[in-house]
There are 2 protein chains.
Amino acid sequence: MTLANFNTSSPIAEKERPDKSNARGIVVSLKKSGFVKCRECSVRPFCIASKTNDKGMQAFNEISNHPAPTQKGDYFYHQGDTFTSLYRVRSGAVKSYHIDKNGQEHIIGFHLPGELFGTDGMANGQHQNFAQALDTSTVCEMNYEQLGSLLKKSPDLQQKMFQILSAECIQKIEPLLFLHHRPVEERLVTFIADISSRYQSRGLSPKRFILPMSRRDIAHHLGTTEETISRLFSRIQRMGILLVEKRTIIIKDMEKLQASSMAL
Amino acid sequence: MTLANFNTSSPIAEKERPDKSNARGIVVSLKKSGFVKCRECSVRPFCIASKTNDKGMQAFNEISNHPAPTQKGDYFYHQGDTFTSLYRVRSGAVKSYHIDKNGQEHIIGFHLPGELFGTDGMANGQHQNFAQALDTSTVCEMNYEQLGSLLKKSPDLQQKMFQILSAECIQKIEPLLFLHHRPVEERLVTFIADISSRYQSRGLSPKRFILPMSRRDIAHHLGTTEETISRLFSRIQRMGILLVEKRTIIIKDMEKLQASSMAL
DNA sequence: CGGGGGATTGATAACTTTCAAACTAGGTGG
DNA sequence: CCACCTAGTTTGAAAGTTATCAATCCCCCG
């Protein structure tokens, strides 16, 4: 089987009339296929599985699934899908977005390597958002039901999972709430500073990186328009804080960046 | 003991230099004091304790504490406090707000009777926000450590708690994220519609209620200023959707209200 | 009656969106 | 191989929204 058929639909076309057959079909058909699992995982140091012992890791291994790489534009799940699994990004990048009743797209967040996503389905068993690959991406998929059974057996692990999930939900989302109380320039600076620190915490360069998302995605995430984002990148560059070349960002003055960014 | 000494500090004074001695002092001294507990609780139908059997309720009763009423302006906890408990509002109203490194106040949310608060401390053991009574309020305080022990013993309860908490975290907070992507008038209309439905779900009138919070609180919650809120209330009233008399809201045209409000 | 916080209203300034146009880089087909 | 096409991005000008500063009003309470 070739991967050629992954490319037949553009991200936009996918977005307008989401069709999960390609992305999900692969996920399902490659279950337990023999791809690398927990022990060899590239993001292992950032995974809950690493917070347990060998036996625990073995258990995680059982419920985890490393499906084949997903192509840019493919979906991990759709808004309204039945919630079955939590995911962790191993490589690439994923965006979560919601389409409201007026057809407006709202970007909930971006998931970089090592980060968790899929929690939007935990509340009522249905995913509230779409999760779409921004790039060729690989993930780890953990079955939630099996995860539940696993946690029932280990109170300690359960406690840790509680912690991790509440951190995901609260520490990551609540600060975003009041991002929107500030002018857009500050939001953008904060966004860049946040991406930078997330790359750094994964051992990548905090001063030079490539944004996996479009200007439009950034705009929708920050609650503004792509034109405004573009203008502000220009302005921030003129101020000598960043060097912006399309999606490549080089931070020239990290101190000024952090000083202008919001308290998170 | 009288309650007179509760009134010595105004909400503002409390806010500027928070002093928890009165509110928390009472909480501690009345622990296990004989106030009504789960079985007689007014918000029992909305509490997790009601989702279990008599024995489970007994267990909840053990870890729950119904402290004396808290006066307007008093704090349940402060930003930075060690996290010990989750709370549920029994009567009155509570606001959660965060002060960022620039001294700016951000209102995370308002908690009405039956609603949970305190989850902002779960992530790292420290409260991220202040929780302050907007009015004379009574709460139910559940010790988190004891709750954890309780959950360890009952996988089913654990599952339910997971559910409830993720619903709190995700269903309530994520939608707020994209509220801020819309003009302020829409945010305000949505805010009123939300309060209305929350009162309704607690068996109170959805068409006529009194807002427990000030214009400034609403403004800070919606990411705007009190002047703008005031102007918009006037405009929405001129449109015949609401009748606004200070903090009393009467919804004249519920359909128009919901049509103008955002998809949540 | 006077003080004071909360709320409202007005005028102006600042910011952001909208509509339009042009530019860029990568991919396509002749 | 080049012209063309397209999505993504940038820039400009005008319109719209919101913040800011300032003044006034209102009502509760001492």
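From a predicted model like this one, the values you see are computed outputs, not experimental measurements. Chain letters run A, B, ... following the sequence lines, proteins first and then strands; every chain starts at 1.
Atom CG in L222(B) sits roughly 18 Å away from atom P in dT17(D) (whole-Å rounding). Between the NE2 atom of H181(A) and the C1' atom of dA19(D) there is a distance of 15 Å, rounded to whole Å. At whole-Å resolution of the value, CE in M213(A) and C1' in dT9(D) are 16 Å apart. E226(B) places its CD atom 17 Å from the P atom of dT18(D), with the value rounded to the nearest Å. In this structure, D217(A) atom CG and dA7(D) atom C1' are separated by 13 Å, rounded to whole Å. Rounded to an integer number of Å, the gap from I229(B) CD1 to dA7(C) P is 11 Å. Look at NE2 on H220(B): it is 12 Å from P on dA7(C), rounded to the nearest Å. Here dT8(C) presents its P atom at 8 Å from CZ of F233(B), a figure rounded to the nearest Å.
Side-chain contact annotation: H106(A) with H98(A), donor-acceptor N/O pair under 3.5 Å absent. For the 3.5 Å distance criterion, the side chains of D120(B) and Y77(B) qualify, holding a donor opposite an acceptor. Side chains of T138(B) and H66(B): no donor on one and acceptor on the other come within 3.5 Å. The closest side-chain donor-acceptor pair between T70(B) and S137(B), if any, does not fall under 3.5 angstrom.
Between dG8(D) and R247(A), no contact under 4.0 Å exists linking OP1 or OP2 to a side-chain N or O. OP1 or OP2 of dT10(D) lies within a sub-4.0 Å distance of a side-chain N or O belonging to R215(A). Side-chain nitrogen and oxygen atoms of S230(B) include none within less than 4.0 Å of the OP1 or OP2 phosphate oxygen of dT9(C).
Taking the six-membered ring where the residue is Trp, F130(B) and H78(B) present tilted rings, their angle falling between 30° and 60°. Classified by interplanar angle (parallel below 30°, tilted 30° to 60°, perpendicular above 60°), the ring pair Y199(A)/F209(A) is tilted. The aromatic rings of F117(A) and Y87(A) sit parallel, their planes meeting at an angle under 30°, below the 60° perpendicular limit.
Sorted by first and then second residue, the ring pair (Phe, Tyr, Trp, His ring centres under 6.0 Å) pairs with a member in residues 232-255 of chain B form an empty list; sequence neighbours excluded.
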Take nucleotides 14-24 of chain C nucleotide by nucleotide from the 5' end and write B, S or -, depending on whether a protein heavy atom sits under 4.0 Å from the base, only from the sugar-phosphate, or from neither.
--SBBB-----
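By the 4.0 Å N-to-carboxylate-O rule, R198(B) lies close enough to E115(B) to be salt-bridged with it.
When the C1' atoms of four end pairs are superposed on the next four at each end of the helix from dC1(C)-dG30(D) to dG30(C)-dC1(D), using five pairs per end, the two resulting axes differ in direction by 20°, to 10°.
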